[in-house]
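These notes concern the structure reproduced below.
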Protein chains: 2
Amino acid sequence: MAGDKLFPFVTTDVALFTLDGDALRVLVVKRTNEPERGRWALPGGALKPSLDEDLAASARRVLAEKVRFDIPYLEQVCAFSGRDRDSRGWSISVLFYALLPKDRIDAVAGHKTEAIEWVDPDRPGRELAFDHDRQLAEALAQLRAKIEHDALPLHLLPDRFTLTELQRACEAITGEALDKSAFRRRLKLREGKEFVEVPGEFAEGAHRPAQYYRRTRGFRF
Amino acid sequence: MAGDKLFPFVTTDVALFTLDGDALRVLVVKRTNEPERGRWALPGGALKPSLDEDLAASARRVLAEKVRFDIPYLEQVCAFSGRDRDSRGWSISVLFYALLPKDRIDAVAGHKTEAIEWVDPDRPGRELAFDHDRQLAEALAQLRAKIEHDALPLHLLPDRFTLTELQRACEAITGEALDKSAFRRRLKLREGKEFVEVPGEFAEGAHRPAQYYRRTRGFRF
DNA sequence: GCAATAGTGTCTATTAGACAATATGGG
DNA sequence: CCCATATTGTCTAATAGACACTATTGC
């Protein structure tokens, strides 16, 4: 058995966030294997040292089983550990969060044998397996902390987006309404560095067309 | 051998910070065991699932071998991992940082067979073993990021301290000079919550005595 | 014109930085 | 009194929030 005496059992789990319309959502999957079979959990899986370059690669590999899209953004949150969090014995789970552009939400699907669901990260609506409720809370807290200070949720948006879409994305993450004018004022400072106008391209719609923007190459949070 | 196929080799490392006078310092130890014997490194050691409740407990146990003082503050930074970072094979190191009050700096000593040193975390002055240069940089970055927004370095100070000492500690961490007036103005908002005046107690000295303060019970960063 | 959304301008209360002024000890 | 440090006050420029205003489309 795995987590007996000398070595702990190591897994990676991923909180994959996206936007469903204007609402922030996180992916949960129904477990098809023991332990905790049939319960909902964050996607995750055992580290395979023979396959994985490092923990981040392990998380990407696990995620690739669910998502047909090369996840652009993956960030480590922290490690959870202990004797009791997994019935298989002393274990470590290294948690990551990842961001999926809203127009790629369909790239996520379960296998025939497993169910997936996008849920409100503040109220998953079900008790998650293992310590995944805590994990989710921690991932969400870090995502929010990050956006406060140095980040923009550009990775949740399509390749072309309007400033209003960007504002909605920020509001979805923080859960608070933002003032349009103040928001745009702040954006002016970052414009050119992390994203730029796409000259002459505008969103179609029933009302005044909105200027399109795009991420710049080499953009980082 | 350890990190072969199925299970990685797991260690914890600790960046232990303190103040030497007004300067921020971090503990490095000379390794007495293979691999990398004789090189300087952050203190660390192998996880022992039979002894350790979780990773934080493991870090505390490792640290207790060097420090005769119950470390009040220990925080996880992140995990480092991969096939090549440790010659023993596929490994994970979970990094923590800890804060030692400046008046307890003498509680740290090596065994007869090992040397210790307090070094400037910005310029350790020697190349550290494994990936500990990167680890140290990351720990320092997180310490600085934390102090920016929600933290005060109260854990680096003795039980009683003056506001000037607190300011010096903040400056030591950020590396930047702070304005006295603005600093105290900000402190007024936190006073009572995280620390309080000790009425009638003043620092002795050649000049005007300074009011002593102390941490409040149950204070958290 | 009207509704709806995009985008800009303005006013004000708050804040942060710079720096001056005052207070209090030891010699 | 002088010096060094503690502590407080003041001035000002920058900022953030609230909200009003203008612009542009489809109908």
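Note: hydrogens, waters and symmetry copies are ignored here, and every other heavy atom, side chains too, is used. The sequence lines fix the lettering, A, B, ..., with proteins before strands; numbering per chain opens at 1.
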*Candidates dT8(C), dC19(D), dG7(C) - which lies nearest the side chain of K188(A)*: dT8(C)
*Just how far, in rounded Å, is C1' of dT5(C) from CZ of R168(A)?*
10 Å
*asked:* Between D20(A) and K102(A), does any NZ, NE, NH1 or NH2 come within less than 4.0 Å of an OD or OE carboxylate oxygen?
replied: no
_Under 4.0 Å between a side-chain nitrogen and a carboxylate oxygen: does that hold for E197(A) and R214(A)?_
no
*Grab the CD-P distance between Q211(B) and dT5(D) for me, whole Å please.*
19 Å
_Atom pair distance, as rounded to whole Å: CZ in F202(A) and P in dT5(C)_ = 19 Å
*asked:* Would you compute the distance between atom CG of L42(A) and atom CG of L27(A) and round it to the nearest 0.5 angstrom?
replied: 8.5 Å
*Using atom CZ of F183(A) as one end and atom C1' of dA18(D) as the other, report the distance to the nearest whole Å.*
17 Å
All N/O contacts under 3.5 Å from nucleotides 14-16 of chain C to the protein, with atom names and distances to one decimal?
from: dA16(C); atom 1: N7; to: R185(B); atom 2: NH2; distance (Å): 3.3

*Salt bridge present between E117(A) and R126(A) (N-O < 4.0 angstrom)*: yes
*T162(B) or D179(A): which one's nearest nucleotide on DNA chain D is closer to the 5' end?*
T162(B)
*Could you give the CZ-to-P distance, from R184(B) to dA18(C), as a whole number of Å?*
17 Å
*Using a cut-off of 4.0 Å between protein heavy atoms and nucleotide atoms, how would you tag nucleotides 20-27 of chain C 5' to 3' with B, S and -?*
---BBBS-
_Residues D54(B) and R60(B) bridged, charged N to O under 4.0 Å_ = no
For a quick test of your reading: what N or O donor-acceptor pairs under 3.5 Å do the side chains of residues 163-171 of chain A make, sequence neighbours left out?
from: T164(A); atom 1: OG1; to: R184(A); atom 2: NH2; distance (Å): 3.4
from: E165(A); atom 1: OE1; to: T162(A); atom 2: N; distance (Å): 3.0
from: Q167(A); atom 1: NE2; to: E171(A); atom 2: OE2; distance (Å): 3.3
from: Q167(A); atom 1: NE2; to: L178(A); atom 2: O; distance (Å): 2.9
from: R168(A); atom 1: NH1; to: E171(A); atom 2: OE1; distance (Å): 3.1
from: E171(A); atom 1: OE2; to: L178(A); atom 2: N; distance (Å): 2.9

*asked:* Can you measure E204(A) atom CD to dA6(C) atom P for me and round it to whole angstrom units?
replied: 14 Å
*Mind telling me whether F195(B) and Y213(B) have parallel, tilted or perpendicular rings, with 30° and 60° as the class edges?*
perpendicular
*asked:* What I want to find out is whether E75(B) reaches K146(B) closely enough, with some N-O distance under 4.0 Å, to be called a salt bridge.
replied: yes
*asked:* Check the orientation of Y97(B) and F17(B). Use parallel for under 30°, tilted for 30 to 60°, and perpendicular for over 60°.
replied: perpendicular
*Take atom CG of L163(A) and atom P of dA23(D), then tell me their distance rounded to the nearest Å.*
19 Å
*Whole Å only: how far is the CG atom of L178(B) from the P atom of dA18(C)?*
10 Å
